[in-house]
Amino acid sequence: MVTTELLIRNARAVRQGDYADEPPVVDIAVAGGVITEIGPGLSSGGADRVVDARGLLALPGVVDAHQHWGIYQDLAADTDTESRACAQGGVTTSITYMRTGRYYLNKGGPYREFVPEVLDRMAGRSFVDHALHLAPMTAEHIAEIPSLVTDFGITSFKIFMFYGGHGLHGRSADQAEFLMIPPSERYDLAHFEFVMRAIQRARARFGPGLSLSLHCETAEIMAAYTELVERAGELTGLRAYSASRPAHSEGLAVTMAAYLAHETGLAGINLLHLSSAKAVEAALTMATAFPEVDFRREVTIGHLLADVDIAHGIGGKVNPPLREREDVEALWRHLLAGELDWVVSDHACCRDEQKFGADPDDVFAAKSGFGGAEYLLPGLVGEGRKRGLSLTRIAELTAANPARRYGLTGKGVLGVGFDADIVLVDPDARWTVRAADSESAQEYTPFEGFEMSARVTEVFLRGRSVFADGRVVGDPRGRYLRRDPA
């Protein structure tokens, strides 16, 4: 007989297929790191630990499918601090984007040498489970796609569409140097096509679990509008940055990406961090135009909660930009209509000196990105429920949908046989966001002062508590997750 390691009593478990707004109170039994039984009145005989949830919500651990560990800090240190921030917010699985070039490891070369170094720096330091997305930046990387699948269990890849002629934070004079690609190669639409063809060949060989994600912005539009905005000098801060990367730049890039997917026969396409009404409308139009392409549409918690006026200055600089309130409301309409597939943090720890050091008033000089994994689940539960988003839908958006798409078969669901990644949430808690309370190494947050109406109280990773009583607990037990493309 298997000994129950953990028994959670009196939890309102949010499960697939249960569309009640108030889930029934049940017990959850865990053994061997997986959920073994869910139901009322389970026996506690022999359980190593019994936790009384006292009617709190139990949600599946968040599968945050869009993070950037190590983008600005040492990867080993970032794995420690930012996985702590994940645990604090109920994120039990992080999928982090990685590429060669400036930032991350600050090196080029083949992924067969790069990935082992990445995994070595992360090993033994994460408080949550984690996986990798990779961006093929060169022809050599494209050729490596089959071995990345077989050797490292990497099944998801990325294209940064704007990198062809625009830097990470703004205009760039030398993209080849920034991307660390050979002088004979270009990171352009032709390269994107060849990436798609290679992934489609790999899908035919390994299975349909391979997919391609795209950051959809158009470099030429952004470069031209940045010059217009700076020359006019009428806008400042986040509103200037949004105007310099206009929404139609997103829509145009979505359209080009969709046609390339159609042309190459690549069905698995993920459109990342759609930030505007125009971007989502273009994505929905392309889904109708090319029904053979299995599009998935992503939105971030930052673009759902913040706009250019309430994100506390240039600390809210991110790509694509935070938008006007009308775009925020449009994203919520599409989310409530079931037209967006998952919500992520796009967590990228960017410290004070990197965000504000060059000039605290110049948004174009600041680095892009900010952390936010701590606020993903409480923000979506709190704001989403006010707007009529069901708890089951929240669980799908934060866990089940990204887990299924990215081949994390044991994650994303509160169900027997799944990993016991469980988050207890108080849906009635009231608290104020303060950067000083975060486990992240980032000293500020664009969510500073936001009033939250839900709070994560305890987090279990494979049945072990990693966050309780307001702090991260235990040793880092996070595992690297190899994924099966079948």
Side-chain angles (χ1 to χ4, degrees), residues 65-66 95 97-101 110-111 115 131-150 152-166 175 179 181-182 184-220 249-274 279 282-298 320 341 402 405-407 483 485-486:
H66 194 147
I95 316 182
Y97 283 96
M98 194 64 59
R99 60 162 173 79
T100 55
Y111 276 136
V115 174
L132 296 177
H133 308 287
L134 282 183
M137 308 303 295
T138 67
E140 183 176 31
H141 292 165
I142 294 174
E144 287 184 293
I145 287 173
S147 63
L148 294 171
V149 176
T150 57
F152 303 109
I154 294 171
T155 61
S156 47
F157 301 89
K158 182 176 183 179
I159 286 170
F160 302 83
M161 292 187 72
F162 70 93
Y163 276 177
H166 213 69
Q175 284 301 87
L179 299 177
I181 61 177
S184 60
E185 296 191 27
R186 293 183 61 82
Y187 191 79
D188 57 12
L189 284 170
H191 178 82
F192 306 160
E193 176 188 333
F194 299 149
V195 170
M196 289 187 179
R197 292 191 185 280
I199 294 174
Q200 178 54 25
R201 290 193 298 270
R203 281 169 62 93
R205 174 178 170 184
F206 296 112
L210 293 170
S211 67
L212 176 67
S213 301
L214 296 107
H215 180 136
C216 294
E217 291 184 279
T218 310
E220 294 84 354
S249 165
E250 280 190 276
L252 178 59
V254 166
T255 304
M256 290 188 290
Y259 190 84
L260 280 179
H262 163 72
E263 168 64 23
T264 60
L266 179 57
I269 295 292
N270 312 307
L271 302 173
L272 302 182
H273 43 41
L274 301 172
L284 295 173
T285 299
M286 291 300 99
T288 300
F290 304 120
E292 76 280 8
V293 179
D294 180 15
F295 291 104
R296 303 297 168 88
R297 295 172 288 272
E298 175 188 280
D341 294 288
R405 181 59 155 189
Y406 291 119
R483 291 171 285 152

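Quick note: residue numbers are just sequence positions, from 1.
Side chains of Ser156 and Arg483 form a contact here, defined as non-hydrogen atoms less than 4.5 Å apart. Between Arg203 and Leu212, every side-chain heavy-atom pair lies at or beyond the 4.5 Å cut-off. Side-chain contact check for Glu263 versus Arg197: some heavy-atom pair is nearer than 4.5 Å. Between His191 and Ile142, some side-chain heavy-atom pair lies under the 4.5 Å cut-off. Using a 4.5 Å heavy-atom cutoff, the side chains of His215 and His66 are not in contact. Annotation: side chain of Tyr97 is in contact with side chain of Ser213 (closest heavy-atom distance under 4.5 Å). Looking at Tyr406 and His133, their side chains come closer than 4.5 Å, going by heavy atoms from C-beta outward.
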Let's go through Leu284 and Phe295 carefully: what are the C-alpha distance in whole Å and the side-chain angles of both, what is the deciding distance for side chain to side chain contact (heavy atoms under 4.5 Å, CB included) to 0.1 Å, and is it a yes or a no? CA-CA 9 Å; Leu284 295 173; Phe295 291 104; over 6 Å; no

Candidate pair Leu260 and Phe192, rule side chain to side chain contact (heavy atoms under 4.5 Å, CB included), full reasoning: CA-CA 8 Å; Leu260 280 179; Phe192 306 160; 4.2 Å; yes

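Scanning both residues, Met137 and Leu179, for their nearest heavy atoms gives CE-CD2, 3.7 Å. The two residues Ala279 and Val254 make their nearest non-hydrogen contact at O-CG2, 4.3 Å. Across all their heavy atoms, Phe162 and Ala219 have their closest contact at O-CB, 3.4 Å. Closest non-hydrogen pair, Leu210 versus Val149, comes out as CD2-CG2, 3.7 Å. Nearest heavy atoms, Gln200 versus Leu266: OE1-CA, 3.5 Å. Closest approach of Phe206 and Pro485 over heavy atoms only: CB-CG, 3.6 Å.
For Phe157, there are no ring-ring contact (aromatic ring centres under 6.0 Å, His included) partners, not counting sequence neighbours. A search for side chain to side chain contact (heavy atoms under 4.5 Å, CB included) contacts involving His262 returns Tyr259, Phe290, Glu292, not counting sequence neighbours. Partners of Ala190 under the side chain to side chain contact (heavy atoms under 4.5 Å, CB included) rule, at least two apart in sequence or in another chain, are Asp188, Phe194. Remark: Ser147 pairs with Glu144, Thr150, Asp151 by the side chain to side chain contact (heavy atoms under 4.5 Å, CB included) rule, at least two apart or across chains. A search for ring-ring contact (aromatic ring centres under 6.0 Å, His included) contacts involving His141 returns Tyr111, not counting sequence neighbours. Checked against side chain to side chain contact (heavy atoms under 4.5 Å, CB included), Leu252 has the following partners two or more places apart in sequence or in another chain: Thr218, Ile221, Met256.
Atom OG of residue Ser211 and atom CD1 of residue Ile199 lie 8.0 Å apart, to the nearest 0.5 angstrom. Between atom CG of residue Asn270 and atom CZ of residue Arg296 there is a gap of 7.5 Å, rounded to the nearest 0.5 Å. Taken from CD1 in Ile269 to OG1 in Thr264, the straight-line distance is 6.5 Å, to the nearest 0.5 Å. In this structure, OG1 in Thr138 is found 8.5 Å from CD1 in Ile181, a value given to the nearest 0.5 Å.
Side chain of Asp294 to main chain of Gly268: no donor-acceptor pair is present (N/O by atom type, distance under 3.5 Å, no hydrogens or angles).
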